[in-house]
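For reference, the structure discussed in these notes is given below.
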2 protein chains.
Amino acid sequence: MPLAEMHASMANPSFMNGVPELLILRTLSTGEMYGYELVQAIRARTNQAIKVGEGVVYPALHALESDGMLRSRRKLVNGRTRVYYAVTRKGEKHLAGLVRHWQHITDAIGLAIGGTAHAATAL
Amino acid sequence: MPLAEMHASMANPSFMNGVPELLILRTLSTGEMYGYELVQAIRARTNQAIKVGEGVVYPALHALESDGMLRSRRKLVNGRTRVYYAVTRKGEKHLAGLVRHWQHITDAIGLAIGGTAHAATAL
DNA sequence: CCATATACCTCTTGCGACAAGGTATGCATG
DNA sequence: CATGCATACCTTGTCGCAAGAGGTATATGG
């Protein structure tokens with residue numbers, strides 16, 4: 001292979017990505033929370049159907065904060081430190097976009113799944 | 001790094017994967033189709049919202065066939081060869097499971113997104 | 001003769017998501 | 001007081017899906 005042009009290419013934003021991010025932002029939009037709590041809150045909000053582990057939540061929290069979507073403050077509770085995260089205005093806007101996108105995608109898939117059932121009396 | 005135990009671990013079945021597979025099976029369940037046609041059919045069935053490229057479709061088709069979910073037959077049309085794929089009984093069962101799973105997941109997410117809006121006057 | 005559409009396919013890469021592991025504190029129990 | 005469990009934070013390494021880019025070949029139209 002010509003290793004001449006080994007520099008760039010493109011991203012791979014599979015149309016199904018970013019769901020954990022969506023759930024995190026949406027859950028935090030109901031009120032300030034800390035990571036450990038968030039993990040359980042998401043589990044609860046989805047009827048135990050979806051478990052976003054700590055290995056997903058913490059990195060996402062940091063990334064979202066450095067992107068200005070979240071704001072954090074440290075709080076000492078019972079001698080233990082908790083880092084509370086709150087959604088910023090920018091985060092709210094971003095969340096709205098994610099929700100719209102999610103709905104668009106799932107509508108489309110729902111349509112493909114249910115829509116125009118198979119021909120005639122089936123085959 | 002300790003390269004001592006580089007043998008196994010576990011899969012990474014992110015709860016959001018397998019959507020292309022679902023769309024492929026579902027679309028084929030409306031009737032026999034060939035790869036090139038499938039790509040466009042999925043695009044059409046989702047109102048142009050979702051485009052599953054050939055780089056996704058063909059490998060998936062081969063994998064599904066070798067898993068017994070699809071059956072293929074070659075057909076010569078206008079001097080060009082087409083490989084038509086049809087869903088097997090096993091494929092239908094699998095599809096049904098995928099659809100159930102998809103609905104379960106999206107219901108859960110829909111619930112998390114819409115359910116229990118944010119507290120009081122917000123914060 | 002060349003471009004375009006059809007039709008098949010593979011290779012490599014990129015990123016998201018994950019499990020597993022690592023630190024540290026408070027609290028209960030024996 | 002030691003052991004264990006729950007809380008709370010975090011990072012590292014791995015894996016697999018999905019995607020893009022490329023590669024072959026034939027028919028058709030200019």
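Residue numbering restarts at 1 for every chain, and letters A, B, ... go by the order of the sequence lines.
Atom CG of B/Leu38 is separated from atom P of C/dA7 by 13 Å (rounded to the nearest Å). Rounded to an integer number of Å, the gap from A/Tyr58 OH to C/dG21 P is 18 Å. Between A/Tyr36 atom OH and C/dT25 atom P the separation is 17 Å, expressed in whole Å. Here C/dA5 presents its C1' atom at 11 Å from OH of B/Tyr34, a figure rounded to the nearest Å. Taking atom CD of residue A/Glu37 and atom P of nucleotide D/dT7, one finds them 12 Å apart after rounding to whole Å. For B/Glu21 and D/dA18, the CD to P distance is 8 Å, given to the nearest whole Å. Atom pair B/Asn17:CG and C/dC15:C1' shows a separation of 12 Å (rounding to whole Å applied). The CG-P distance, from B/Leu22 to D/dC17, rounds to 15 Å in whole Å.
The line from CG of B/Asp67 to NZ of B/Lys90 is 6.0 Å long, rounded to the nearest 0.5 Å. Taking OG1 of B/Thr106 as the start and CD1 of A/Ile105 as the end, the distance is 13.0 Å to the nearest 0.5 Å. Taking NZ from A/Lys51 and CZ from A/Arg43, the interatomic distance works out to 4.0 Å, rounded to the nearest 0.5 Å. With rounding to the nearest 0.5 angstrom, the OG1 atom of B/Thr81 is 12.5 Å from the NZ atom of B/Lys75. Between the CD atom in B/Gln48 and the CD atom in B/Gln40 there is a gap of 10.5 Å [rounded to 0.5 Å]. The structure places CG of B/Leu70 at 8.5 Å from CD1 of B/Ile24, a figure rounded to the nearest 0.5 Å.
Contact annotation: B/His62 does not reach the phosphate of C/dC8 (side-chain N/O to OP1 or OP2, under 4.0 Å).
In terms of position along DNA chain D, the nucleotide closest to A/Arg82 lies nearer the 5' end than the nucleotide closest to the other residue of the pair B/Gly18 and A/Arg82. Each of B/Val83 and A/Pro59 has a nearest nucleotide on DNA chain C; the 5'-most of these lies closest to B/Val83.
Only A/Glu54, A/Gly55, listed by number, bring a heavy atom of residues 46-57 of chain A to less than 4.0 angstrom from any atom of DNA chain D. Listed in residue order, the members of residues 64-75 of chain B having a heavy atom less than 4.0 Å from DNA chain C come to none.
Contact detail for A/Ile50 and B/Ala108: the closest heavy-atom pair is CD1-CB, 4.2 Å. Shown here for B/Ala41 and B/Thr27, the closest heavy-atom pair between the two residues is CB-CG2, 3.9 Å. Here the shortest heavy-atom pairing between A/Leu28 and A/Tyr85 reads CD2-O, 3.6 Å.
No side-chain heavy atom of A/Tyr36 sits under 4.5 Å from any side-chain heavy atom of A/Val57.
Note on ring orientation: taking the six-membered ring where Trp is involved, the planes of A/Tyr84 and A/Tyr34 are perpendicular (angle over 60°, cut-offs 30° and 60°).
Ranking C/dC9, D/dC9, C/dC18 by closeness to the B/Phe15 side chain, first place goes to C/dC18.
Heavy-atom neighbours of A/His104 NE2 from other residues, nucleotides or ligands within 6.0 Å: at or below the threshold of 12.
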Can you give one letter per nucleotide of nucleotides 24-30 of chain D, going 5' to 3': B for a protein heavy atom under 4.0 Å from the base, S for sugar-phosphate only, - for none? --BS---
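In this structure, A/Val39 reaches neither bases nor backbone, as no heavy-atom distance under 4.0 Å exists between it and the strands shown.
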